[in-house]
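Here is the structure we will look at.
To find a chain, count down the sequence lines: A is the first, B the second, and so on, and within it residues start at 1.
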Number of protein chains: 2
Amino acid sequence: MVKSKLPYVCGIDAAIDVVGGKWKVLILWALDHGTTRRFADLRRELPGVSEKVLIQQLRELAADEVVHREVFHEVPPHVEYSLTEFGDSLNEALRPLGAWGRRHIKTIEANRRPAEFDIATG
Amino acid sequence: MVKSKLPYVCGIDAAIDVVGGKWKVLILWALDHGTTRRFADLRRELPGVSEKVLIQQLRELAADEVVHREVFHEVPPHVEYSLTEFGDSLNEALRPLGAWGRRHIKTIEANRRPAEFDIATG
DNA sequence: GACCCCACTTACTTCTTGGTAAGTACCCCA
DNA sequence: TGGGGTACTTACCAAGAAGTAAGTGGGGTC
């Protein structure tokens, strides 16, 4: 995702900057409805993400105050990730866009791979 | 902007793929409310965009059936860009996200430049 | 004839993002 | 003592998105 230059010229610009990483909306989705997840849980829920990138995006979301990171100093210690209220409001704002994408996902995919076939290649 | 791998795992993934270029939401905004614009108009309305990137993003939006490109074979010939109905529905779906970004733009900007000052540097 | 506008196209470079793979440090269990 | 789990960090590399700059080919204007 391409970062917009600051200052943002409009709200969408800013919002997409927050949400534009390859795995960020998926992380937001995984933490929806007040869900709490550990680092290793998220790894398992996002097949294909590397540890490096997952941490990177979690840190960025935390820096944006969208995700809350809490360390539990128990034995053994662990870390829990959840949405902040701010993150929750972001997820709400994303819902119409998600619905649009879901509604048109076939069209979008088709336009994105004009060289491929939808039928099985023999 | 980072492209998601196909097939998309959720609608947001797909939508952000359509809208994720650096200038795309700005183009969508410029063409909002049935507005029609020429290439040169858009260049002027998006200060900082290069011709190469503007055309590239217009072509991608057209390939996604979000933007309509019409050539007028008059003398002199020219080209007009406008939103399709599909693009219009996308803009509608983007509005809540835009409102969220606008509401929190100060917070987002502040979190995005922790090393800079908001007061003028002397 | 020189210059501007329109709508691009092309070649080259840089910068950012993400991916790969390995290492760290600590704990528990058998 | 070897293996597994937790939560990272680090270094290196590749792909792609965007930026720069120049060229194209038409027309119209002074």
Checklist entry - Nearest of D:dC8, D:dG19, C:dT9 to any side-chain atom of B:Val53? => result D:dG19

Checklist entry - Are A:Gln56 and D:dT9 close enough that a side-chain N or O sits under 4.0 Å from OP1 or OP2? => result no

Item to check | Presence of A:Arg69 side-chain N/O under 4.0 Å of D:dC8 phosphate oxygens OP1/OP2 | outcome: yes

Is a side-chain N or O of [X] found less than 3.5 angstrom from the main chain of [Y], in a donor-acceptor match?
| X | Y | value |
| --- | --- | --- |
| A:Thr84 | A:Val66 | yes |
| A:Asn91 | A:Leu28 | yes |
| A:Glu109 | B:Pro7 | no |

Item to check | Pair B:Asp41 + B:Arg38: basic N to acidic O under 4.0 Å | outcome: no

Next on the checklist: Once salt bridge (Lys or Arg N to Asp or Glu O under 4.0 Å) is applied, what residue pairs with a partner in residues 80-95 of chain B remain, sequence neighbours excluded?
Outcome noted: B:Asp32-B:Arg95, B:Glu92-B:Arg95

Next on the checklist: I need the full list of salt bridge (Lys or Arg N to Asp or Glu O under 4.0 Å) pairs touching residues 67-78 of chain B, with sequence neighbours left out, sorted by first then second residue.
Outcome noted: none

Could you tell me how far apart [X] ([atom1]) and [N] ([atom2]) are, to the nearest whole angstrom?
| X | N | atom1 | atom2 | result |
| --- | --- | --- | --- | --- |
| A:Leu54 | C:dT17 | CG | C1' | 15 Å |
| A:Glu51 | D:dA11 | CD | P | 17 Å |
| B:Asp17 | C:dT17 | CG | C1' | 14 Å |
| A:Lys22 | C:dT20 | NZ | C1' | 13 Å |

Checklist outcome for this item: Residue set satisfying side-chain contact (heavy atoms from CB on, under 4.5 Å) with A:Leu42, at least two apart, ordered chain then number -> A:Ala30, A:Leu31, A:Arg37, A:Leu54, A:Leu58, A:Tyr81

Item to check | Non-neighbouring partners of B:Glu65 that pass side-chain contact (heavy atoms from CB on, under 4.5 Å), sequence neighbours left out | outcome: A:Thr107, A:Asn111, B:Phe86

Item to check | Under 3.5 Å donor-acceptor pair, B:Lys52 side-chain atoms to D:dA18 base atoms | outcome: yes

Checklist entry - If each of B:Ile55 and A:Trp23 is mapped to the nucleotide of DNA chain C with the nearest heavy atom, which maps nearer the 5' terminus, i.e. the 5' end? => result B:Ile55

Checklist entry - Going through the distances and angles, do B:Gln56 and B:Trp23 end up as a side chain to side chain contact (heavy atoms under 4.5 Å, CB included)? => result CA-CA 10 Å; B:Gln56 211 170 274; B:Trp23 302 91; over 6 Å; no

Item to check | DNA chain D contacts among residues 28-46 of chain B, heavy-atom distance under 4.0 Å | outcome: none

Checklist entry - Can you list, by residue number, the residues of residues 71-81 of chain A that have a non-hydrogen atom closer than 4.0 angstrom to DNA chain C? => result A:Val75

